[in-house]
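For ligands, and for the atoms within them, numbers begin at 1 and follow the listed sequence. Being a predicted model, the structure only gives us computed values, none of them experimental. All residue numbers refer to positions in the sequence shown, counting from 1.
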Amino acid sequence: MGVQLPQFTRRRVLRALGRDIVAVLLLTMGCSLGVPGDAESGQQKDSSDYQQYFPKYTRPAAIPFPTDNLFTEERAQLGKTLFFDPRLSGSNWISCATCHNPALSWGDGLPKAIGHGMTELTRRTPAIWNLAWATSLFWDGRTASLEEQALGPIAAQAEMNLSLDKMVAKLKGIPQYGPLFASAYANEPISEKTVAKALATFERTVISGKAPFDRWMEGDESAVSAAAKQGFVLFNTKANCVACHSGWRLTDDSFHDVGLAGEDRGRGTQLEGIEEAQFTFKTPTLRNVERRAPYMHDGATPTLEAVIDLYNRGGDVRRPSLSPQIKPLHLTAKEEQDLLAFLHTLTSVDAPVTVPTLPQ
Ligand code: HEC
Ligand code: HEC
């Protein structure tokens with residue numbers, strides 16, 4: 001059974017992404033096939049308790065790319081350069097990486113993002129890990145692809161405040177960008193479209209590497225603590241976190257109301273009149289989550305301990321959209337600690353990100 005799992009998962013991943021995505025880039029980080037440990041090979045005797053859940057968390061073998069924007073090194077490099085270039089803002093001061101900072105797990109460490117003119121935005125900056133597999137973007141799911149998403153923050157007055165016409169003119173006026181665009185998108189001009197495609201290609205390569213959790217699933221019993229193993233079982237049973245944080249990225253790509261106080265209707269702003277959608281937000285990945293405090297769309301939950309307490313008391317607000325899974329969990333203090341220990345096993349040690357030299 002173990003041998004067939006990766007293939008099954010790959011098929012499922014591709015199916016979920018839709019028919020236009022047929023091209024894939026093999027992951028090169030040596031952690032691609034999360035083949036579960038062999039049950040027969042002398043594991044601890046309680047290993048069957050948790051091994052039954054491993055298949056749900058198998059990592060895919062390849063990154064999917066859309067057929068109209070296939071991966072090339074040149075595209076990823078151009079996208080990375082644009083991502084770190086503050087000249088994509090009206091003030092020449094704010095880049096994508098100002099808010100999605102690799103040193104802060106591709107977030108900004110703030111409860112709410114701060115944009116152009118020190119404007120505080122209404123929501124927290126999400127990390128951009130593993131979005132190649134995402135089926136919608138933003139906390140409220142208002143865009144469907146990374147290409148579609150990429151230009152929004154550049155033009156938004158409260159974010160980077162640069163009209164897209166001006167952006168194209170500005171990039172054309174930087175001589176060294178010419179050859180970079182030409183080698184990435186031959187026969188296509190420097191345009192909104194090629195900027196969006198390059199940014200999206202780079203973002204698809206931002207993948208969280210192997211974490212202790214993955215090494216444990218591969219059979220290294222010493223990769224995680226006994227508490228974390230108990231926490232993993234709780235995650236899949238009594239605490240039922242898996243109802244929404246499922247799969248290797250630990251997100252179902254769906255929207256739920258977890259009972260946070262506040263007036264932001266989230267997905268409900270896109271689906272007005274649908275009661276179940278009100279106050280729902282996209283389930284965030286839990287990969288590297290310990291490095292991204294404070295938490296939730298409003299950044300109002302300061303620590304992972306506070307997140308677990310929130311779930312344990314069944315959220316703070318009762319209303320029709322509240323997800324049925326959000327109810328008092330009756331976890332003991334020890335069980336809360338075990339869950340926390342499990343969340344800590346999701347942190348990968350990734351190669352440091354080098355900031356590109358910007359074209360002149
Ligand atoms: C001023 C801070 C800021 C800047 C600059 C910024 N972002 Fe964001 N980004 C955010 C915030 C805040 C959100 C969430 C907004 C929401 O959901 O309504 C977000 C959401 C996203 C998402 C969706 C993530 C997800 O999980 O759904 C992506 C992708 C993204 N940004 C990429 C970019 C790119 C590419 C750039 C540069 C062109 C950029 N961002 C510039 C703050 C910023
Ligand atoms: C009903 C679906 C659901 C269940 C069950 C659930 N979560 Fe969540 N989780 C979400 C959603 C949706 C968010 C984002 C909510 C928001 O910001 O409004 C979230 C946010 C989080 C965050 C914050 C991540 C970040 O980047 O801000 C953590 C940590 C987390 N959940 C852990 C857990 C744990 C641990 C459990 C089990 C005790 C659990 N979740 C159960 C859907 C769920």
- Message: Taking salt bridge (Lys or Arg N to Asp or Glu O under 4.0 Å) as the cut-off, I'd like each qualifying pair that reaches into residues 193-207, sequence neighbours left out, listed once.
- Response: E147-R204, E188-K197

Would you kindly specify which portion of [X] sits under 4.0 Å from ligand 1, judged on non-hydrogen atoms: side chain, backbone, both or neither?
X: L151; result: neither
X: L146; result: side chain
X: L137; result: both

- At a cut-off of 2.8 Å, list the protein N/O/S atoms near atom 8 (Fe) of ligand 1, residue plus atom name. H100 NE2

Would you say the side chains of [X] and [Y] form a donor-acceptor pair under 3.5 Å?
X: D108; Y: T125; value: yes
X: R292; Y: S105; value: yes
X: D220; Y: S222; value: yes
X: E276; Y: S321; value: no
X: N236; Y: Y57; value: yes
X: D264; Y: T122; value: no
X: S95; Y: D85; value: no

- Greater than 12 external heavy atoms within 6.0 Å of K238's NZ: yes

- Task: Answer yes or no: are there more than 12 heavy-atom neighbours, outside Q157 itself, under 6.0 Å from its atom CD?
- Result: no

- Message: If you take the nearest heavy atom of each of R123, M167, M160, which one is closest to atom 18 (O) of ligand 1?
- Response: R123

Looking only at protein heavy atoms, which one is nearest to [atom], and what is the separation?
atom: atom 35 (C) of ligand 1; result: E203 OE2, 3.5 Å
atom: atom 25 (C) of ligand 1; result: K282 NZ, 3.3 Å
atom: atom 17 (O) of ligand 1; result: W139 N, 2.8 Å
atom: atom 16 (C) of ligand 1; result: F138 CD2, 3.5 Å
atom: atom 12 (C) of ligand 2; result: F281 O, 3.2 Å

Could you list the atoms of ligand 2 found under 4.0 angstrom from a heavy atom of [X]?
X: L304; result: 29 (C)
X: S323; result: 1 (C)
X: N240; result: 5 (C)
X: Q325; result: 1 (C), 5 (C)
X: H297; result: 16 (C), 17 (O), 18 (O)

- ligand 2 versus L260, non-hydrogen atoms closer than 4.0 Å: side chain, backbone, both, neither? side chain

- Query: Heavy-atom contacts under 4.0 Å between D257 and ligand 2: side chain, backbone, both, or neither?
  - Reply: neither

- Is it true that L131 lies under 4.0 Å from ligand 1, counting heavy atoms only? yes

- Message: Counting only nitrogen or oxygen atoms and a 3.5 angstrom limit, does R142 reach ligand 1?
- Response: yes

- For a side chain to side chain donor-acceptor pair (under 3.5 Å) with D140, tell me which candidate from R123, R265, K282 qualifies. R123

- How long is the span from the CZ atom in F202 to the SG atom in C96, to the nearest 0.5 Å? 9.0 Å

- Message: So, taking the atom named CD1 in I326 and the one named SG in C244, what distance separates them when rounded to the nearest 0.5 Å?
- Response: 6.5 Å

- Task: Return a yes/no value for M296: is any of its N or O atoms, backbone included, closer than 3.5 angstrom to an N or O of ligand 2?
- Result: yes

- Polar atom proximity, R124 to ligand 2 (N or O, under 3.5 Å): yes

- Task: Apply side-chain hydrogen bond (donor to acceptor under 3.5 Å, both in side chains) to the pair K327 and N240, showing each step before the final yes or no.
- Result: CA-CA 11 Å; K327 55 188 180 202; N240 198 23; over 6 Å; no

- What lies under 2.8 Å from atom 8 (Fe) of ligand 2, restricted to protein N/O/S atoms, is H245 NE2, Y311 OH

- Does a side-chain N-to-carboxylate-O contact under 4.0 Å join D257 and R319? yes

- Message: Which residues pass the side-chain contact (heavy atoms from CB on, under 4.5 Å) test with K172, not counting sequence neighbours?
- Response: V168, I190

- Message: Using side-chain heavy atoms (C-beta onward) and a distance below 4.5 Å, is D350 in contact with N288?
- Response: yes

- Check: Y50 ring centroid to F232 ring centroid under 6.0 Å: no

- Task: Assess F255 for proximity to ligand 2: is some non-hydrogen atom of it under 4.0 Å away?
- Result: no

- Query: What residue among T303, T301, D338, L339 forms side chain to side chain contact (heavy atoms under 4.5 Å, CB included) with I308?
  - Reply: L339

